[in-house]
Amino acid sequence: MEGKNRLYVANSWSLQPSAAGRNTFNPIRAIVDTSTAKPNPDYEPILLAAGDPSLYAGFEPSTVALEAIYDSMESKKFNGYKPSHGTVEGRTAVAEFHSTPTHTLTADDVIMTCGCSGAIDLCIRGLADPGDNVLIPSPGFALYCTILKANGIAYKEYQLLPEENWDVDLEQLDSLFDSRTKAVIVNCPSNPCGSVYTTEHKLEILEVAAKHCVPVIADEVYAGLVYSDVEYESFGAISTSVPVLVCSSISKRYLVPGWRLGWTVLYDPVNALSSEIRKSLVRMCQILNGPCGVVQGALPKILKHTPPKFFRAINKKLGHNAQLVFERLRKVPGLKPIMPRGSMYILVGINCEKLVDFKDDADFTESLFTEMSVRCLPGKAFRAPGFFRIVLCASEEKLIEACNRISEFCSQHCVCH
């Protein structure tokens, strides 16, 4: 009997991080948080890296949104725990907001999350298991890879074509599907490309997904942020043959990313999202206690009463800034900007045959900051080597100054013969 019931006793500490912790890597945070580059003290820093509109003058939330938050707090109805997948009132408001003549949605088609990132995470984990794979755009938002790697889910990159305004290479996308492909992630308007697909191109993408009976996760956090005469339709609103899980939030369009309220909307024209899938998504929300109740309390008023002129003013400013940066940088030797049609970014190509002093886009952006005090993000953070991203939310004055410094910087380093 001796030794049979012996307790295990460790004689030394041996703590290790979990596999999820080891596999979690956000390339944007890695670049921003670990950079030791210092700005040139002769220039005032111009920061064009952070995709947070609230950091820039002129991008303040509407009076409607602020009053709605005050009213929600003063009501004292939202101080306690709320359903993990969202209040009925909040989900109903989102359902009404996203409904179309061909898609009538209810609160049961909506799950509230902590920002759009939370919605994307929920959809990925709700559809794919370790060893499965998800198709993602390249270039694309860095968080997709972060979530997938942390959960042991593989990814395959489908290419966006810069010479075709970042449209999807449909043939290459079609070739990536296999028996373990669980979803296709699309992002429109795009971060970092600024592209906005036409309805025709969206239907082509949906047709490829339908061919393989694979659902689409549509990251539409920049929905409505489009320039001039560009029209915007949701992937979910136009789909007739593919289930689409639309992920969105109030972060970008309403200029309040710190309020951390997003949602997933389930468009299911083919009844493929079974009741068990819907129940499992709700159960996954119960791991945590859902997004902020006070912001959910304000949401119906924000969605229903924010005036159209608020959005028109934002789009006009972003469109103006996009045209300004594009026109100035297209004349700079060694650079090739691609004119965006929406979101709040522009990608600029770097001709390394002319700008020979830099080994890659990360080296270019680091040197730009240390020499000219202009901070941008390298394309490698978005799987876009050979490009850098500029945020278009700064004032016209700062963007002109930034373009002038970038031009001077490239002139100093360019071999133009």
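Side chains are part of it too, since the values below use all heavy atoms of this structure and drop only hydrogens, waters and symmetry mates.
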Query raised in the report: Is there a side-chain hydrogen bond (donor to acceptor under 3.5 Å, both in side chains) between Ser234 and Glu220 once you walk through the steps?
Result: CA-CA 8 Å; Ser234 168; Glu220 298 185 356; 2.9 Å; yes
Requested in this report: Please test Phe409 against Phe364 for ring-ring contact (aromatic ring centres under 6.0 Å, His included), starting from the C-alpha separation and ending with a verdict.
Outcome: CA-CA 10 Å; Phe409 174 76; Phe364 177 93; 5.3 Å; yes
**Report entry** Pair Lys156-Asp178, salt bridge (Lys or Arg N to Asp or Glu O under 4.0 Å): steps then yes or no
**Finding:** CA-CA 11 Å; Lys156 299 180 183 181; Asp178 62 34; 2.7 Å; yes
Report task. Nearest 0.5 Å please: distance from the CG atom of Leu148 over to the CD1 atom of Ile120. Result -> 10.5 Å
Query raised in the report: In terms of heavy-atom contacts, does CD of Glu353 have more than 12 from other residues, nucleotides or ligands at under 6.0 Å?
Result: no
**Report entry** Test log, rule salt bridge (Lys or Arg N to Asp or Glu O under 4.0 Å), inputs Arg405 and Glu401
**Finding:** CA-CA 6 Å; Arg405 293 188 200 175; Glu401 174 63 18; 2.9 Å; yes
Report task. Kindly check if the number of other-residue, nucleotide or ligand heavy atoms within 6.0 Å of NZ (Lys336) is above 12? Result -> no
Report task. Taking atom types as modelled, find out whether Glu366 and Ser35 have a side-chain donor-acceptor pair closer than 3.5 angstrom. Result -> yes
**Report entry** Atom of Asp174, atom of Phe177 and distance for their closest heavy-atom approach
**Finding:** O-CD1, 3.6 Å
Query raised in the report: Which heavy atom of Pro257 sits nearest a heavy atom of Ser54, and at what distance?
Result: CG-OG, 4.3 Å
Query raised in the report: Is Pro340 close to Tyr227 at the side-chain level, that is, under 4.5 Å between some pair of heavy atoms?
Result: yes
Report task. Rounded to the nearest 0.5 Å, what's the gap from CD1 on Ile217 to CD1 on Ile185? Could you check? Result -> 5.0 Å
Report task. In plain terms, say whether Lys398 and Glu44 are close enough for a salt bridge, that is, a side-chain N and a carboxylate O under 4.0 Å apart. Result -> yes
Requested in this report: With the side chain counted from C-beta on, respond yes when Phe235 and Leu203 share a heavy-atom pair under 4.5 Å apart, and no when they do not.
Outcome: no
Query raised in the report: So, for Ser99 and Leu105, which heavy atoms are closest and what is the spacing to 0.1 Å?
Result: OG-N, 2.9 Å
Report task. Could you walk me through whether Thr199 and Glu233 pass the side-chain hydrogen bond (donor to acceptor under 3.5 Å, both in side chains) test, one step at a time? Result -> CA-CA 7 Å; Thr199 298; Glu233 286 187 284; 2.6 Å; yes
Requested in this report: Please name the pair of heavy atoms, one in Asp363 and one in Phe358, separated by the smallest distance, quoted to 0.1 Å.
Outcome: OD2-CA, 3.3 Å
Report summary line: Distance col, row Ile238:CD1 vs Thr102:OG1, nearest 0.5 angstrom, shows 10.0 Å
Query raised in the report: Are Thr365 and Val374 side-chain neighbours, meaning at least one heavy-atom pair lies under 4.5 Å?
Result: no
Query raised in the report: Are any non-hydrogen side-chain atoms of Asp219 and Cys116 less than 4.5 angstrom apart?
Result: yes
Query raised in the report: Under 4.5 Å between any side-chain heavy atoms of Asn191 and Met344, yes or no?
Result: no
Query raised in the report: Under the salt bridge (Lys or Arg N to Asp or Glu O under 4.0 Å) criterion, do Lys380 and Asp361 qualify, and how do the steps go?
Result: CA-CA 7 Å; Lys380 76 171 190 176; Asp361 50 275; over 6 Å; no
Report task. Rounded to the nearest 0.5 Å, what's the gap from CG on Asn187 to OH on Tyr197? Could you check? Result -> 7.5 Å
Query raised in the report: Should Ile406 and Leu335 count as side-chain neighbours, where that means a heavy-atom distance under 4.5 Å?
Result: yes
Query raised in the report: Which value, rounded to the nearest 0.5 Å, describes the distance between Ser138 atom OG and Gln159 atom CD?
Result: 4.5 Å
Query - His413: which of Glu371, Lys354, Glu408 passes side-chain hydrogen bond (donor to acceptor under 3.5 Å, both in side chains) - result: Glu371
Query raised in the report: So, Ser190 side chain and Ser195 main chain: donor-acceptor pair closer than 3.5 Å or not?
Result: no
Query raised in the report: Side chains of Thr181 and Leu176: does their closest heavy-atom pair fall under 4.5 Å?
Result: no
Just distance, no hydrogens or angles: give the donor-acceptor pairs under 3.5 Å from side chains in residues 161-171, sequence neighbours left out.
unit_1, atom_1, unit_2, atom_2, d
Asp169, OD1, Glu171, N, 3.4
Asp169, OD1, Gln172, N, 3.1

Requested in this report: Determine, step by step, whether Arg278 and Asp109 satisfy the salt bridge (Lys or Arg N to Asp or Glu O under 4.0 Å) criterion, reporting the C-alpha distance in whole Å, the side-chain angles of both residues, the deciding distance to 0.1 Å, and the verdict.
Outcome: CA-CA 8 Å; Arg278 292 169 180 260; Asp109 298 310; 2.9 Å; yes
In a table with atom names and distances, give each donor-acceptor pair under 3.5 Å that connects a side chain of residues 316-323 to protein atoms at least two apart or in another chain.
unit_1, atom_1, unit_2, atom_2, d
Lys317, NZ, Gly58, O, 3.1
His320, NE2, Glu396, OE1, 3.2
Asn321, ND2, Leu392, O, 2.8
Asn321, ND2, Ala394, O, 3.1
Gln323, NE2, Glu327, OE2, 2.7

Requested in this report: Quick one: do Phe382 and Phe141 satisfy ring-ring contact (aromatic ring centres under 6.0 Å, His included)? Show the steps, please.
Outcome: CA-CA 6 Å; Phe382 307 96; Phe141 186 38; 7.6 Å; no
**Report entry** Minimum heavy-atom distance Pro192-Leu347, with the two atoms named
**Finding:** O-CG, 3.6 Å
Query raised in the report: Does the side chain of Lys149 reach to within under 4.5 Å of the side chain of Thr24, using non-hydrogen atoms?
Result: no
Query raised in the report: Should Glu276 and Arg283 count as an ion pair when the cut-off is N to O under 4.0 Å?
Result: yes
Query - Candidate list Leu127, Leu281, Ile287, test side chain to side chain contact (heavy atoms under 4.5 Å, CB included), partner Leu122, passing option - result: Leu281
Query raised in the report: Do you know which two heavy atoms are closest between Pro130 and Arg180, and how far apart they sit?
Result: O-NH2, 3.5 Å
Query raised in the report: Does any N or O in the side chain of Ser75 come within less than 3.5 Å of the main-chain N or O of Ser72, such that one atom is a donor and the other an acceptor?
Result: yes
Query raised in the report: Side chains of Tyr232 and Tyr222: is there a donor and an acceptor less than 3.5 Å apart?
Result: no
Query - Set of side chain to side chain contact (heavy atoms under 4.5 Å, CB included) partners for Phe97, sequence neighbours left out - result: Arg253, Tyr254, Leu303
Query raised in the report: Are Asn404 and Ser407 close enough that a side-chain donor and a side-chain acceptor fall under 3.5 Å?
Result: no
Report summary line: To the nearest 0.5 Å, atom CG of Leu135 lies from atom NZ of Lys182 at 12.0 Å
Query raised in the report: Does atom CD of Gln412 have more than 12 heavy-atom neighbours, drawn from other residues, nucleotides or ligands, at distances under 6.0 Å?
Result: yes
